Amino acid sequence: MRLAKCKVACKMEYDYKPTVPITPNSTALFKYRVNDPLNPSAPYTEYTKSPPPLSGDEVSLPDIQSADQYELKVELNINGAKDEKTFFFQVDKCNLTSCDAPIIKDVYLGANDQIMMDYKVDIDNNFYAVEYQIAKNDQFNNIVHFRIIMENDYTPTEYIEMNDGTIEPDTVYYIRARKHCSTSEVSDWSSVVKFTSGRWSTRKLLDAFWLAMGDDLTDKFCDAAGWKTKVTLSADNPEGSLIYLTNGMAATIDNIKDLGQIISIPSKFQESGVRWIRFSNVTPTLIYNVEPTTGKIGVVVDDLKCPAS
């Protein structure tokens, strides 16, 4: 578990007014440790400032890891004049949270030019959600796409949505991410990564209803029964077209199973694929057979048609 980091500062006050500029080799050495009588030989943490702070300046002491009583030794060496003094101070409260920015390892094009991002989020400490933004410039004043992913939905590889019209093919974009450690605590943004989108087919996203092998194919399928999702097709006419998932992959059993690791998909489709499909905004009266292993739409089901609305 990551140790706490305490923000501790001390104000320097001393009686010395140099008559000449402070020389480059002048220093202030701060040595501090937990004041533990049972461990008098414990090592000090040392922090040197050169040139030394002026009288009245505030100095932050780094690497104090916990609330406790501390011993502090200050050694001043200014233009050859030296002095040393020991102090004791109490740290009563530390910020126990640590909200580190994600690390974007790579952004690349997968199968069918699917945009993919490999990134690392510290999931062991105060993980509430992770957010990423995509923009047309590295100043992020023209954001075209963003997503917030809750803790339980995070995976180290993100399949970026490409079918909603916000990301154009063959275009330079910039991406960054940040971690939400709680509803009120957010990390800094990660480093910005530049990437170029591919040349996938930009077809309209369609509302579809699926049934799996073993489901009952009845007229209830006409009344929004089945599992509703969004897909794209490889052709304008559904018959003979391939079904593509929201991550740009064909709706084969393996690809549905892979996408099911990222978004919620009923297990029956991950196990046996799509057997029948109906579109609510394209040929809404027709139900199509589907070859589950390939995701290819076959002929219309002859003995069941839905009434026109």
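Fair warning: this is a prediction, and the values are worked out from it, not measured in the lab. The figures here come from the full heavy-atom set of this structure, side chains too, leaving out hydrogens, waters and symmetry mates. When a residue number appears, it is its place in the shown sequence, counting from 1.
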*Taking all non-hydrogen atoms of both residues, which atom of Val121 and which atom of Pro102 are closest, and how far apart?*
CG2-CB, 4.0 Å
_How close do Ile265 and Gly260 get, counting heavy atoms only, and between which atoms?_
CD1-N, 3.9 Å
_From Ile175 atom CD1 to Ile134 atom CD1, the distance as rounded to the nearest 0.5 Å_ = 4.0 Å
_Check: Trp210 ring centre within less than 6.0 Å of Phe269 ring centre_ = yes
*Can you tell me which residue pairs pass the disulfide (SG to SG under 2.5 Å) test with a partner in residues 217-263, sequence neighbours excluded?*
Cys222-Cys306
*asked:* Side-chain heavy atoms nearer than 4.5 Å, only ILVMFWY residues, links allowed to pass through others: does that put Met116 and Val192 together?
replied: no
*Same cluster or not: are Tyr159 and Ile148 linked, directly or through other Ile, Leu, Val, Met, Phe, Trp or Tyr residues, by side-chain heavy atoms under 4.5 angstrom apart?*
no
*For the hydrophobic clusters of this structure (ILVMFWY residues joined by side-chain heavy atoms under 4.5 Å, transitively), does one cluster hold both Phe146 and Phe195?*
no
*asked:* Under a 3.5 Å distance rule, please check whether Ser190 uses its side chain to pair with a backbone N or O of Arg176 as donor and acceptor.
replied: no
_Has Thr252 got a side-chain atom pairing as donor or acceptor with Asn255's backbone, closer than 3.5 angstrom?_
yes
*When clusters are formed by joining ILVMFWY residues with side-chain heavy atoms under 4.5 Å apart, either directly or through shared neighbours, do Trp227 and Val290 land in the same one?*
yes
_Nearest-0.5 Å distance, OH of residue Tyr44 to NZ of residue Lys73_ = 3.5 Å
*Please report the closest heavy-atom contact between Pro292 and Ser272, naming both atoms and the distance.*
CB-O, 3.2 Å
*Flag the pair Lys268 and Asp215 as a salt bridge only when some basic side-chain nitrogen lies within less than 4.0 angstrom of an acidic carboxylate oxygen.*
yes
*Measuring from Ile167:CD1 to Ile160:CD1, what's the distance to the nearest 0.5 Å?*
6.0 Å
*Any side-chain heavy-atom pair from Leu29 and Tyr47 closer than 4.5 angstrom?*
no
*Side chains of Tyr132 and Glu158: is there a donor and an acceptor less than 3.5 Å apart?*
yes
*Mind running side chain to side chain contact (heavy atoms under 4.5 Å, CB included) on Ile104 and Met117 for me, showing each step along the way?*
CA-CA 7 Å; Ile104 299 178; Met117 173 175 65; 4.1 Å; yes
*For the pair Asp57 (side chain) and Leu54 (backbone), establish whether a donor and an acceptor sit closer than 3.5 Å, ignoring hydrogens and angles.*
yes
*Heavy atoms only: give me the nearest Cys99-Val186 pair and the separation to one decimal.*
SG-C, 3.8 Å
*Check the hydrophobic clustering (I, L, V, M, F, W, Y; side-chain heavy atoms under 4.5 Å; chains of links allowed) and say if Ile297 and Phe221 are grouped together.*
no
*Can the ring centroids of Tyr119 and Tyr154 be said to lie less than 6.0 angstrom from one another?*
yes
*Determine whether the aromatic ring centres of Tyr70 and Tyr32 lie less than 6.0 Å apart.*
no
*Any Lys/Arg nitrogen of Lys179 or Asp100 sitting under 4.0 Å from an Asp/Glu carboxylate oxygen of the other?*
no
*With sequence neighbours left out, write down each residue that passes side-chain hydrogen bond (donor to acceptor under 3.5 Å, both in side chains) with Lys228, or none if nothing qualifies.*
none
*Checking Thr171 side chain against Ser197 main chain: does a donor-acceptor pair fall under 3.5 Å?*
no
*Answer yes or no: is there a donor N or O on one side and an acceptor on the other, between the side chain of Asn77 and the main chain of Thr27, under 3.5 Å?*
no
*Taking atom CG of Asp188 as the centre, does the number of heavy atoms from other residues, nucleotides or ligands within less than 6.0 Å exceed 12?*
no
*Side chains of Thr246 and Leu259 in contact at under 4.5 Å (non-hydrogen atoms)*: yes
*Flag if over 12 foreign heavy atoms under 6.0 Å of CG, Asp216*: no
*Taking side chain as C-beta onward, heavy atoms only, is Leu245 less than 4.5 Å from Ile256?*
yes
*Does any N or O in the side chain of Arg275 come within less than 3.5 Å of the main-chain N or O of Leu217, such that one atom is a donor and the other an acceptor?*
no
*Donor-acceptor contact present, side-chain Ser55 to main-chain Tyr14, <3.5 Å*: yes
*Charged N to carboxylate O under 4.0 angstrom, Lys11 versus Glu58?*
no
*Hey, is the main chain of Ser26 close enough, under 3.5 Å, to the side chain of Ser50 for a donor-acceptor pair?*
yes
*Sequence neighbours left out, what passes salt bridge (Lys or Arg N to Asp or Glu O under 4.0 Å) with Lys296? Give chain and number order.*
none
